[in-house]
Participant: 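Here it is, the structure, as structure tokens.
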Amino acid sequence: MIPILSVSHVYCGYHGRDIIKNVSFTVEAGTNLCIIGPNGCGKSTLLKALAHLIPYRGSIRIGETEISQIQRKTLAKQVALLTQISSVYFPYTVYETVALGRYCHIDSVLPRLTAVDKEIIEDSLEKVGLQDLRDTKINQLSGGQLQRVFLAKTFAQDPKIILLDEPTNHLDLKYQIELLEYVSQWIKHKERAAVTVLHDLNLVQACADRVILLHQGESHSSGRPQEILLTDALEEVYKIDVKKWMTNVLQKWGA
Amino acid sequence: MIPILSVSHVYCGYHGRDIIKNVSFTVEAGTNLCIIGPNGCGKSTLLKALAHLIPYRGSIRIGETEISQIQRKTLAKQVALLTQISSVYFPYTVYETVALGRYCHIDSVLPRLTAVDKEIIEDSLEKVGLQDLRDTKINQLSGGQLQRVFLAKTFAQDPKIILLDEPTNHLDLKYQIELLEYVSQWIKHKERAAVTVLHDLNLVQACADRVILLHQGESHSSGRPQEILLTDALEEVYKIDVKKWMTNVLQKWGA
Amino acid sequence: SSEPTTVTDRMGNEVVLPEQVNSIISTSPANTEILVALGMGDKIVAVDKYSEGITGLNAEVVLIDFMNPDAETIVSLNPDIIIASEINTLGGSDPFAVLKEAGIPVVYQPLTDSIQGIYDDISFIAEITGSTEKAEVLIAGMQEEIAKYQEISAGITEKKRVYFEISPAPDLFTIGKGSYLQEMLEIVGVDNVFADLGKGTAISSEAVLEANPEIILTNVNYIDNPVEEIKSREGWDSITAVAQDQVYYIDSNTSSRATHNIVKALKEIAETVYPEFYE
Amino acid sequence: MNKRRILLVITTAITVMLLAVLIGTVGVTAADIVNIILHKLFRLPLRPDLQPNTVSIIWTLRLPRVLLAFLVGAALGASGTVIQSLLKNTLASPYTLGVSSGASFSAGLIIALGFSIPLLGNLTLPIVGFLSGLATVFAVIAFTKRVDKELSNNTIILVGMVFSLFVNAAYTILTALFRESLEGIIMWQMGSFAMRGWSYVRAAVIFIVIGLLGVIKYTQEMDLLSFGEDEAKANGVETDKVKKQLLVFSSVLTGSAVALSGAIGFVDLIAPHVARRLFGSQHIYVLPISAVLGGTLMIFSDIVARTIIAPSELPVGAVTALIGAPFFAYIYFKKSR
Amino acid sequence: MNKRRILLVITTAITVMLLAVLIGTVGVTAADIVNIILHKLFRLPLRPDLQPNTVSIIWTLRLPRVLLAFLVGAALGASGTVIQSLLKNTLASPYTLGVSSGASFSAGLIIALGFSIPLLGNLTLPIVGFLSGLATVFAVIAFTKRVDKELSNNTIILVGMVFSLFVNAAYTILTALFRESLEGIIMWQMGSFAMRGWSYVRAAVIFIVIGLLGVIKYTQEMDLLSFGEDEAKANGVETDKVKKQLLVFSSVLTGSAVALSGAIGFVDLIAPHVARRLFGSQHIYVLPISAVLGGTLMIFSDIVARTIIAPSELPVGAVTALIGAPFFAYIYFKKSR
Ligand SMILES: Nc1ncnc2c1ncn2[C@@H]1O[C@H](COP(=O)(O)OP(=O)(O)OP(=O)(O)O)[C@@H](O)[C@H]1O
Ligand SMILES: Nc1ncnc2c1ncn2[C@@H]1O[C@H](COP(=O)(O)OP(=O)(O)OP(=O)(O)O)[C@@H](O)[C@H]1O
Ligand SMILES: [Mg+2]
Ligand SMILES: [Mg+2]
């Protein structure tokens with residue numbers, strides 16, 4: 001397969017200090033790449049660079065095009081990002097918020113939604129189970145409900161590549177599972193791919209096609225999930241015996 | 001054992017609408033009560049009532065005393081709450097932020113820290129692995145680092161009862177495990193207890209002494225972890241076969 | 001030599017007068033003009049900045065902005081007395097209280113709104129500066145002049161309807177009853193279209209158009225060409241005065257300062273409005 | 001429900017506007033007014049019983065006044081909304097960025113020095129005021145850009161505040177030094193629609209329409225920006241460009257309002273809150289509604305300003321707050337009780 | 001590092017204060033000043049070559065003036081810090097809550113009507129001004145409480161804004177109606193330390209010390225409140241009580257400052273930012289440092305105000321911003337470049 005996203009020798013960070021150092025990888029269409037790594041290793045920073053929210057050195061290409069050469073509105077049709085921490089200033093309703101995801105597809109200066117737009121919005125709302133809350137103000141939601149609003153907004157953007165920064169935070173078990181299933185199903189469809197940051201390695205097990213383990217801003221190792229999760233890589237980075245802990249806990253279920 | 005926290009027939013909510021309806025339970029010293037339930041079922045609302053951040057009807061007692069009768073500063077020595085969503089307005093340093101947890105123990109109007117205070121702060125910083133970042137401004141942290149700052153601040157408060165609203169959000173695996181181990185160890189010591197809201201049922205398996213399953217603001221069922229997690233209760237509330245999903249994943253680790 | 005005399009100034013403050021008045025500070029142009037007329041010009045050491053240009057002052061007189069005076073300068077000038085004005089006071093409180101603490105007597109003159117008030121101003125200044133005789137002559141001279149105009153105006157039957165402007169567009173201001181200007185207009189037999197309003201009132205353009213005066217007078221001196229400005233106002237061409245080119249400027253200093261010099265303004269107004277009676 | 005409310009807002013606006021033309025020192029009937037307008041626009045014959053005075057009053061004084069009041073109010077309402085939601089600060093208004101201090105300073109200078117640029121004549125004051133208001137904002141943007149490439153809100157606010165306080169200080173010193181003109185300057189600043197003829201209305205229409213078009217096209221971007229810069233960028237907003245344009249066009253709006261009628265406050269701060277209260281958060285509603293509400297409040301205030309102590313007038317800037325504050329308190333807190 | 005900076009700030013403050021006593025129309029030496037002070041305080045003999053004039057100038061005019069300037073500046077700096085961090089808004093200041101409009105309104109009323117309360121004499125204006133400033137804030141708190149039990153920041157800000165605009169409008173109308181007093185009112189509002197004797201200093205010391213003590217005891221609570229109401233409550237802060245007290249005491253500070261010397265701006269908005277820039281976020285540093293910085297800036301501005309165009313003065317309120325703005329720009333953006 002052709003890579004839909006190619007990242008090569010990327011450096012980026014804040015205030016002139018590099019957080020991400022020399023990271024390279026490719027994402028093929030139809031796959032979900034999971035990025036894992038300890039807190040502060042640079043996962044969110046990397047995603048920000050992929051969405052061109054921060055400047056970077058090196059090359060990040062979608063198909064053949066460097067993302068820094070693409071207009072934001074065009075880029076937004078290709079790449080959507082769910083950020084790790086979101087802020088709410090005005091109390092938009094759930095529907096209004098999700099509808100904003102369609103912005104990059106609307107050509108008129110007025111926010112006029114076409115039938116297609118509306119269908120996609122409905123679809124996104126349904127996927128995260130927010131149909132009943134559509135007219136609720138987003139400042140009156142629970143943590144998980146709000147997270148789902150932003151997820152729906154990201155899906156409504158209908159991009160080729162979806163970047164999810166800890167999407168399962170605040171979600172209850174059902175929505176965690178459904179979300180990852182939806183993402184799996186979503187990427188199978190047409191020319192799409194996902195890059196997902198996750199801390200829950202069970203979820204990684206369940207959804208990743210490939211895994212990159214970041215460590216202090218560098219790519220420690222990468223490969224198929226089993227190659228990363230079942231080797232010593234995790235222990236080297238996290239300094240705990242992950243596998244043992246997992247099997248211990250999971251045995252309690254197996255009773 | 002004597003209950004350290006007794007909640008009986010509590011109703012509470014927002015703008016005059018009840019979210020939590022007729023919830024009762026007790027927490028014994030030395031135990032960790034986990035509250036689980038779908039998004040929006042009222043977990044955070046319940047914790048807010050337990051910390052007396054919102055008014056409630058019914059009774060919430062610490063030992064013999066109704067919490068609404070206790071001065072906030074006295075209450076803060078007994079109960080600490082980690083909220084689900086935190087906000088940062090001024091860029092305090094990590095150390096300054098954690099030190100604020102000592103407020104309820106400081107009697108002078110000046111923030112003068114005693115040796116004991118300092119020791120406890122150091123201890124809390126160490127527990128969440130933030131010693132090296134002590135002088136970093138909190139607006140320059142990663143999501144997981146920031147979550148750990150607030151965790152350390154909660155621990156620095158050194159209460160009898162610790163209320164943790166999704167404490168493992170944003171944390172990497174290592175800190176998730178360490179945190180829950182620390183909480184387990186912490187509650188064993190002296191007259192202490194924890195009430196923890198978690199979505200990750202594996203973590204619940206690992207750390208809960210008792211579990212309450214909330215459903216639409218009411219207590220659906222409660223008991224020892226196995227009594228809740230391995231019965232049909234989960235399926236009734238979440239409408240998915242949790243156990244099957246878990247064992248599926250397990251197999252991947254067990255390979 | 002003798003006991004210090006205490007007077008109560010016209011605003012009710014008790015003031016201990018100095019034995020001799022050899023150096024005076026005046027804080028308003030009206031007071032300055034009166035002082036000069038009473039022969040005190042060479043004793044004035046400092047005046048407010050609006051008094052600049054009044055003839056009869058020393059060349060080296062210090063100009064001070066009395067809305068924002070530097071107290072240290074005032075003290076260091078060693079004045080025997082300060083003749084201040086109500087305009088300097090803020091709400092009954094005594095703005096120059098610290099100067100009194102520093103040993104300088106301060107008297108306040110109230111804002112004058114009648115011709116009688118001008119007489120009283122002159123008399124009081126004369127009293128504290130010891131020039132009562134000169135004051136009597138000055139006042140008598142004024143009364144004589146005024147009587148002259150009253151006599152002539154008694155014979156005017158068709159009184160001209162006049163609008164007297166003291167502040168230009170867009171914030172029109174005029175005068176009415178309770179002001180010495182209104183008294184002056186009455187003396188020369190002018191019918192002020194806004195006579196019933198207070199002594200200084202904002203007025204809307206619509207109201208002037210509706211009143212439709214025959215003559216417009218203005219004593220505005222701080223814009224380039226006040227007469228032309230009035231004539232060029234949109235819509236004002238329907239006013240008789242403008243249509244018939246009856247808009248005139250009246251000297252600002254003589255008409256806006258409450259001093260003996262108002263008789264000059266009186267003359268100017270009378271001759272402008274009723275040229276036929278003063279040939 | 002939104003539709004009914006929109007209708008209500010528009011009906012109120014039209015009613016107040018009609019009222020404003022009817023009410024004044026000289027009583028006229030609606031028929032008179034129609035007759036005068038037709039006469040002036042299409043040379044239809046004037047009814048003989050209409051005094052030329054009355055015609056002048058209606059056509060030269062009252063009509064342009066009402067239109068100007070509406071335009072200025074609308075400009076302030078709209079630009080207040082833009083700045084408030086752009087900077088995410090309840091207390092922010094175009095004045096925070098120095099538009100009004102810039103305009104006031106140069107207006108003060110003109111009034112104090114009493115000069116006028118021959119070609120501009122009557123419009124010297126508004127045009128120079130407008131340009132200096134705009135210049136101040138450009139200076140703020142340029143300086144912000146220099147110290148903070150991201151053009152972040154907090155920096156804009158701080159720089160704007162410092163610049164505007166600085167220019168305001170210069171203005172204060174001016175008024176202190178040129179005290180003969182103090183009254184004129186202060187009265188100008190208090191705001192008034194008195195004695196502004198058709199030339200002002202023409203100037204207002206041009207600038208305010210440009211300004212309104214400049215901001216109305218970015219309602220979606222404002223929605224997105226309210227979720228944060230990063231979020232907006234990720235959704236396809238060229239935040240830098242959009243922010244700069246919104247700052248500039250809202251300054252055009254406020255700048256022309258201030259230049260034409262003085263530094264009238266209140267509307268810019270309050271109209272957006274009322275509009276949000278009534279119509280939710282979406283800027284496609286909030287922005288135009290703020291404009292209409294601002295215009296309506298301004299006309300209404302002007303009616304009061306010029307009739308309540310007739311034949312004098314009150315400064316309309318003060319009346320706006322005096323009437324608007326209780327109205328605001330009612331709307332805004334009705335439901336919270 | 002903090003210690004060195006504290007030392008620097010304090011040394012600067014003392015230096016500026018000494019300079020202020022030395023500089024003026026009449027030149028004196030430090031020795032003269034010491035002699036005069038000792039004479040006045042301890043009845044030590046005066047050197048015979050000292051003119052009684054000079055003694056008057058130093059003791060009755062210059063000393064109280066410098067002290068008053070420092071106290072007022074400190075009050076504004078401290079209360080600005082409190083309100084800004086309490087309401088979490090860069091643009092918030094005690095003026096936002098109506099302190100100054102309340103004070104200005106009643107000051108305007110007194111000036112316009114020209115009355116004075118016999119017992120208070122000279123201090124009628126400051127005392128009534130102070131009380132009305134405070135009354136406005138109490139009204140804001142009471143109304144906020146009525147519509148929003150939580151006393152949430154946004155409601156406080158909105159209510160404060162509306163009240164203060166309302167009162168300000170009343171004040172504007174006053175100035176428009178009593179145009180003879182306009183100059184006096186405006187000049188009062190621009191702020192000045194001229195002609196304020198020891199009676200003002202005594203009043204200032206009492207109220208400003210009370211105010212400072214009232215706010216300084218809540219530095220930890222302010223730290224906690226900056227993380228949000230809920231967070232602060234959970235940590236043991238009686239947020240309601242603390243917020244109310246902080247609002248009241250900071251209004252005491254601003255109220256006395258405004259009452260004693262007019263509505264001087266800038267310091268309240270800028271001192272906190274500079275203090276934060278230099279000393280981080282903890283209020284135990286930020287609050288006192290803001291006060292000292294505010295006081296220092298005020299003395300320095302007053303030196304300029306009274307010397308630059310002697311024998312007249314500039315309004316100190318304007319000078320403050322004129323000097324302070326470039327200073328702020330330098331401090332604040334030095335590092336960002
Ligand atoms: N401030 C608020 N005002 C009104 N309703 C609210 C508010 N906060 C929460 N709610 C509503 O109360 C219900 C319970 O919210 P709560 O935050 O307690 O849920 P939760 O169980 O913690 O959910 P999550 O797992 O998503 O955190 C939700 O339906 C939510 O919409
Ligand atoms: N705005 C910022 N300014 C300066 N440094 C920052 C900023 N944001 C993050 N950092 C630093 O960059 C590093 C990487 O942060 P990043 O948010 O990418 O981590 P992460 O891998 O996403 O961690 P987490 O799992 O906690 O979300 C951290 O050490 C953090 O302290
Ligand atoms: Mg992250
Ligand atoms: Mg929750």
Side-chain angles (χ1 to χ4, degrees), chain D residues 87 89-93 96 143 146-149 153-155 157-177 179 182-183 186-187 190-191 265-266 269-270 273 309 312-315 317-326 328-329 332-334 336-337, chain E residues 87 89-93 96 143 146-148 153-155 157-177 179 182-183 186-187 190-191 265-266 269-270 273 309 312-315 317-326 328-329 332-337:
Chain D
L87 300 184
N89 191 315
T90 319
L91 291 171
S93 93
T96 321
F143 188 83
R146 247 195 93 158
V147 299
D148 173 0
K149 280 204 208 71
N153 293 342
N154 221 31
T155 318
I157 291 179
L158 268 175
V159 174
M161 190 164 84
V162 170
F163 268 62
S164 105
L165 289 172
F166 181 79
V167 178
N168 208 50
Y171 159 79
T172 305
I173 294 211
L174 196 77
T175 55
L177 292 180
R179 269 236 309 294
L182 178 96
E183 251 187 73
I186 297 287
M187 295 305 285
M190 280 179 190
F266 194 81
L269 283 168
I270 300 301
H273 288 288
I309 56 162
S312 303
E313 288 187 12
L314 286 175
V319 178
T320 314
L322 229 42
I323 292 175
F328 170 80
Y332 205 75
F333 297 117
K334 203 170 45 168
S336 327
R337 297 226 176 157
Chain E
L87 301 183
N89 191 314
T90 318
L91 291 172
S93 92
T96 323
F143 189 83
R146 247 194 94 158
V147 298
D148 174 0
N153 292 342
N154 221 32
T155 319
I157 291 178
L158 268 175
V159 173
M161 190 164 84
V162 171
F163 268 62
S164 105
L165 289 172
F166 182 78
V167 177
N168 206 51
Y171 157 79
T172 307
I173 293 211
L174 196 77
T175 55
L177 291 181
R179 265 234 251 165
L182 180 96
E183 245 186 83
I186 298 286
M187 294 309 283
M190 282 178 189
F266 194 80
L269 284 169
I270 300 302
H273 288 289
I309 58 160
S312 302
E313 291 187 8
L314 288 175
V319 177
T320 313
L322 231 41
I323 292 175
F328 169 80
Y332 204 77
F333 296 117
K334 202 171 44 166
K335 274 193 200 152
S336 327
R337 296 228 173 150

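The chains referred to below are lettered A, B, ... by the order of the sequence lines, with proteins before strands, and numbering in each begins at 1. Everything quoted here is computed from the prediction, not taken from an experiment. Scope of the values below: all heavy atoms of this structure, side chains included, with no hydrogens, waters or symmetry mates.
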Participant: What are the two closest heavy atoms between D/Ala318 and E/Ala169, and how far apart are they?
Facilitator: O-CB, 3.0 Å
Participant: Quick one: what part of D/Thr96 sits under 4.5 Å from any heavy atom of chain E, side chain, backbone, both or neither?
Facilitator: side chain
Participant: Below 4.5 Å, heavy-atom pairs only: which of D/Leu177, D/Thr155, D/Ile157, D/Leu158 has the largest tally toward chain E?
Facilitator: D/Leu158
Participant: With a 4.5 angstrom heavy-atom cut-off, which part of D/Ile173 approaches chain E: side chain, backbone, both or neither?
Facilitator: both
Participant: Sort E/Ile309 into side chain, backbone, both or neither according to what part of it lies under 4.5 angstrom from a heavy atom of chain D.
Facilitator: side chain
Participant: Under the criterion side-chain contact (heavy atoms from CB on, under 4.5 Å), which of D/Thr90, D/Leu87, D/Asn89 is the partner of E/Leu91?
Facilitator: D/Asn89
Participant: Given a strict heavy-atom distance threshold of 4.5 Å, which part of D/Thr320 is in contact with chain E: side chain, backbone, both, or neither?
Facilitator: neither
Participant: Highest number of heavy-atom pairs under 4.5 Å with chain D: which of E/Phe166, E/Phe328, E/Phe266?
Facilitator: E/Phe166
Participant: With a 4.5 angstrom heavy-atom cut-off, which part of D/Asn154 approaches chain E: side chain, backbone, both or neither?
Facilitator: side chain
Participant: In terms of heavy-atom pairs under 4.5 Å, which option from D/Val159, D/Leu322, D/Ile323 contacts chain E the most?
Facilitator: D/Leu322
Participant: Which region of D/Leu269, side chain (C-beta onward) or backbone (N, CA, C, O), has a non-hydrogen atom less than 4.5 Å from a non-hydrogen atom of chain E, or is it both or neither?
Facilitator: both
Participant: Against chain D, work out which of E/Gly324, E/Ala325, E/Pro326 has the most heavy-atom pairs shorter than 4.5 Å and name it.
Facilitator: E/Ala325
